[in-house]
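Structure, as structure tokens:
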Amino acid sequence: MSNDTKNNTALMEKIVSLCKRRGFIFQSSEIYGGCGGVWDYGPLGAELKRNLRTAWWNAMTREREDVLGLDASILMNPAIWKASGHVDTFADLMRECSLTNKRVRADHVDPQDGVIMNFTGAEAPTGWKLDRVISVLMKKGEHIESFRKRVRTLIASNAGEAAGKVEEIVLLGEAKAEAVEGSTDFHPETGGALGPARPFNLMLKTYLGPTATEADVTYLRPETAQAIFAQFKNVFDSSRVKVPFGIGQIGKAFRNEVTPKNFTFRSREFEQMELEFFIKPDEAVEIISGEVAAWSEGADLSEPKPNWGWELWHRYWVDQRTKFYEGIGLGGVLEYYWQTPDDLAHYARACVDILCDFPFGTEELEGIAARGEFDLSQHQKHSGKTQEVFDEELKNAAAKLSDEQKEALIQKRLAAEKAKVKGEPMPEADVRIWFERLFKGNYVPHVIEPSAGLDRMALAIIANAFTETEKTDDKGKKEVITVLKLHPRVAPIKVGVFPLLKNKPELVAKAREVYALLKKHMNVFYDETASIGRRYARQDEVGTPFGITIDFETLGEKGPELQDTVTLRHRDGGEQERVKISDLLGKLLPLVS
RNA sequence: GCGGGUGUAGCUCAGUGGUAGAGCACUUCCUUGCCAAGGAAGAUGUCGCGCGUUCGAAUCGCGUCACCCGCUCCA
């Protein structure tokens, strides 16, 4: 293990430990030995998550005129998952390479010729041992030495660091078995023997209805997005909105991850915050506005314009989401990964991953995809219900076009279809039908999808707020001070209220008064035990941004001008100021919400 | 799923077959005039879980669960 990995692992362990010790995150079902890949949020974690949820909901729906909210159920008609492609892709039988555990679709194994070679195991000078019969196909024409080298490499890659150097691995009990022709029992790339075909579906299956027969099978949703698409028409018809507009949703989703990993980062039950923002197809924008604005570096993305096509809308949402992260204190640690044409799904036009620095690496927080009309079209096809909207402005603008202008639009699209790198081009007849509908003002909206993981965001917030400093006290004793530098907006506790001493009833009474005053407006924590410094430290550790201390000045003992003022202490830096009790709310509220 | 590691108090960990421990944290009292002060007393354990070996298991064996690391997976 490298030093970096060790340090990062140690850091992660400290974070996990803090999360448990102070009530942010617990292991699920801990008293029964836990439950793989699921986590519970304790009192402070629940507040933190709630603050993030509220921040997202406000930024994405309440503070905007063009986004509506939705709260759909987790269980849905399984036909939705057929339409979305989730069922088909993953109902496949998979076979696993016994050597590398690479999975391959059972019906996608090409027949191979060669000689089956068996080994009884392998060992390395490091003391590492593989005590298992290995069966590998030596391909026709492969030299025995290069074959052995290949097997060692494959074994090493699976064993990880424990096996040491590849060339020092010793293969044991090599024996030639039989020659085979047209065998489909070996992995096409590695040549390792394949295990039995097994279904491999990452969706959590359940039964809707007490009889629990095969006909009752449905799934816990693997993403919240599909519910938005499935309810698109209802929202559109009931809300008097016009495209472009969005539907936002926050909710749980479930995936049977093979390997849940990295604390709450990849868990089997998680919460998503997704926006589906519906826009006009570029062709409609062109007809209405006469042009589709092109994006260029430095383009003004502050206010949406009528002539924006998908590209500018996509850039706009990347910009909006970046501002959101800046607003919760993650501005400085973000990275962006623009998916290459190879990465992209065939229906996607662009996708950018917003990544964040975690102790275990730079990982995805949010994906912002331009998905074209794929999702709504899929549901239109599978449900048989139209997902088109009617746009009167488009119809009127199209009516003014000459036949030549219309044909030019069609030709432009046909050329674009032809130039497609992925997926099948749309047949000309279908393109013409599509334009016919468009010229009448009808189209299936296209979509930009910013999709964020709430649990990941919470973990990113905690991990990036975590700071340790070494301090030496008067007696030369060193100790490590932990401060969670949470942005005040997301901090679970906003203010700690402390009487300087607890054995002076006047201080306690005044502190209780201040506590009651603030508590109605924000999460406040009252603490009178231990020394004042310790109480500050306790709150620093859970990220409370402000501390209020009621002292003898508050009581007026140092003169009337300081009466009813308190010490307001700032977590980062520890500086203090005197604030009138009557000014506290006005000062704190804007900072914490 | 494969390989390696870990699991003992809330946290960090010590404990190699014979009465379950330390530091920190926690509770109560005293003391304490601003950044983890001091004193006194106290509470806290299915030693991850199960089975086995043994007169006796935290300790040995087998199984299992969870977490961490490396592969793999991540639509």
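Chain A is the first sequence line, chain B the second, and so forth, proteins listed ahead of strands; every chain is numbered from 1.
B:rC67 is paired with B:rG5 under the Watson-Crick or G-U wobble criterion, all donor-acceptor distances under 3.5 Å. Under the Watson-Crick or G-U wobble criterion, with both distances below 3.5 Å, B:rC13 is paired with B:rG21. When Watson-Crick and G-U wobble pairs are counted only if both distances are under 3.5 Å, B:rG50 pairs with B:rC62. If you check B:rU27 for Watson-Crick or wobble pairing at under 3.5 angstrom, you find it paired to B:rA41. When Watson-Crick and G-U wobble pairs are counted only if both distances are under 3.5 Å, B:rC35 pairs with no nucleotide at all.
Summarising the geometry, the separation between CG on A:Leu555 and C1' on B:rG33 is reported as 12 Å, rounded to the nearest angstrom. In this structure, CD of A:Glu470 is placed 20 Å from P of B:rC35, rounded to the nearest angstrom. Atom CG in A:Leu507 sits about 12 Å away from atom C1' in B:rU32, given to the nearest Å. Between A:Arg538 atom CZ and B:rG10 atom P the separation is 18 Å, expressed in whole Å. One interatomic measurement links the two molecules: CG of A:Asp527 to P of B:rU27, which rounds to 9 Å at whole-angstrom precision. Straight-line distance from the CD atom of A:Glu541 to the C1' atom of B:rU12: 13 Å, rounded to whole Å. For the pair A:Leu44 CG and B:rG10 P, the computed distance is 18 Å after rounding to whole Å. Across the protein-nucleic acid pair, A:Arg266 atom CZ and B:rU72 atom P stand 13 Å apart, rounded to whole Å.
Within 4.0 Å (heavy atoms only), A:Leu500 reaches at least one base atom of the nucleic acid. Within 4.0 Å of A:Gly37, counting heavy atoms only, lie sugar-phosphate atoms of the nucleic acid but no base atom. Nucleic acid contact class of A:Glu553 (heavy atoms, under 4.0 Å, all strands): base. Backbone-only contact: A:Gly36 has heavy atoms under 4.0 Å from sugar-phosphate atoms and none from a base.
Using a 4.0 Å cut-off between charged side-chain N and carboxylate O, A:Glu363 and A:Arg266 make no salt bridge. A salt bridge is absent between A:Glu528 and A:Arg535; no separation between the charged side-chain nitrogens and carboxylate oxygens falls under 4.0 Å. The pair A:Arg538-A:Glu541 does not meet the salt-bridge criterion, since no charged nitrogen lies less than 4.0 angstrom from a carboxylate oxygen. A salt bridge does not link A:Lys485 to A:Asp540: none of the charged nitrogens lies less than 4.0 Å from a carboxylate oxygen. Look at A:Glu47 and A:Lys494 and you find no salt bridge, because none of the NZ, NE, NH1 or NH2 atoms lies under 4.0 Å from a carboxylate O. A salt bridge between A:Asp583 and A:Lys587 is absent, with no side-chain N of the basic residue lying under 4.0 Å from a carboxylate O of the acidic one.
Across all non-hydrogen atoms, the minimal contact from A:Arg255 to A:Pro222 is NE-O, 3.0 Å. Contact record, A:Leu486 with A:Ala465: CD2-CB, 3.6 Å, taken as the closest heavy-atom pair.
Using a 4.0 Å cutoff on non-hydrogen atoms, no part of residues 453-469 of chain A comes near RNA chain B. Within residues 10-32 of chain A, the residues approached by RNA chain B to less than 4.0 Å at the level of any non-hydrogen atom are A:Glu13, A:Ser17, A:Lys20, A:Arg21, A:Gln27, A:Ile31, in residue-number order.
Residue-environment remark: NZ (A:Lys580) stays at or below the threshold of 12 foreign heavy atoms within 6.0 Å.
Counting distance only, with no hydrogens placed and no angle test, the side-chain atoms of A:Arg569 and the base atoms of B:rC35 include a donor-acceptor pair under 3.5 Å.
Each of B:rA75, B:rU32, B:rA36 was ranked by its minimum atom distance to the side chain of A:Pro222; first place goes to B:rA75. Of the listed nucleotides (B:rA36, B:rC68, B:rG70), B:rG70 has the atom at the smallest distance from the side chain of A:Lys261. Distance from the side chain of A:His86 is smallest to B:rA75 among B:rC69, B:rA36, B:rA75. For A:Lys502, the listed nucleotide lying nearest its side chain is B:rC29; candidates were B:rA75, B:rC29, B:rG33. With distances taken from any side-chain atom of A:Lys558 to the nucleotides B:rC69, B:rC74, B:rG33, the minimum falls on B:rG33. Comparing B:rC68, B:rA75, B:rG33 by their nearest atom to the side chain of A:Thr9 picks out B:rC68.
Aromatic pair A:Trp338/A:His314: centroids less than 6.0 angstrom apart. A:Phe24 has its ring centre no less than 6.0 Å from the ring centre of A:Tyr41.
Between A:Trp39 and A:Phe263, the two ring planes are perpendicular [angle over 60°; tilted spans 30° to 60°]. Note on ring orientation: taking the six-membered ring where Trp is involved, the planes of A:Tyr347 and A:Phe374 are parallel (angle under 30°, cut-offs 30° and 60°).
Taking atom P on both B:rG15 and B:rA22, the two are 15 Å apart, rounded to the nearest angstrom. Here, B:rA58 and B:rC49 have their P atoms 10 Å apart, quoted to the whole Å. B:rC62 and B:rA25 have their P atoms separated by 41 Å, given to the nearest Å. Between B:rC13 and B:rC69, the distance separating the two P atoms is 15 Å to the nearest Å. Between B:rU32 and B:rA14, the distance separating the two P atoms is 41 Å to the nearest Å. Look at the P atom in both B:rA57 and B:rU44: the space between them is 24 Å, to the nearest Å. Spacing between B:rU59 and B:rC47 at atom C1', rounded to whole Å, works out to 10 Å. B:rA75 and B:rG5 have their C1' atoms separated by 32 Å, given to the nearest Å.
Between A:Asn262 and B:rC67, a side-chain N or O to OP1/OP2 separation shorter than 4.0 Å is absent. The phosphate of B:rA37 has OP1 or OP2 within less than 4.0 Å of a side-chain N or O from A:Ser531.
Looking at A:Ser531, its side chain does come within 3.5 Å of a backbone N or O of A:Arg534 through a donor-acceptor pair.
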All N/O pairs under 3.5 Å across the protein-nucleotides 20-23 of chain B interface:
none

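For the pair A:Gly34 and A:Tyr536, both in contact range of RNA chain B, the more 5′-proximal nearest nucleotide belongs to A:Tyr536.
For the pair A:Arg221 and A:Phe254, the cation-pi criterion (under 6.0 Å, within 45° of the ring axis) is not fulfilled.
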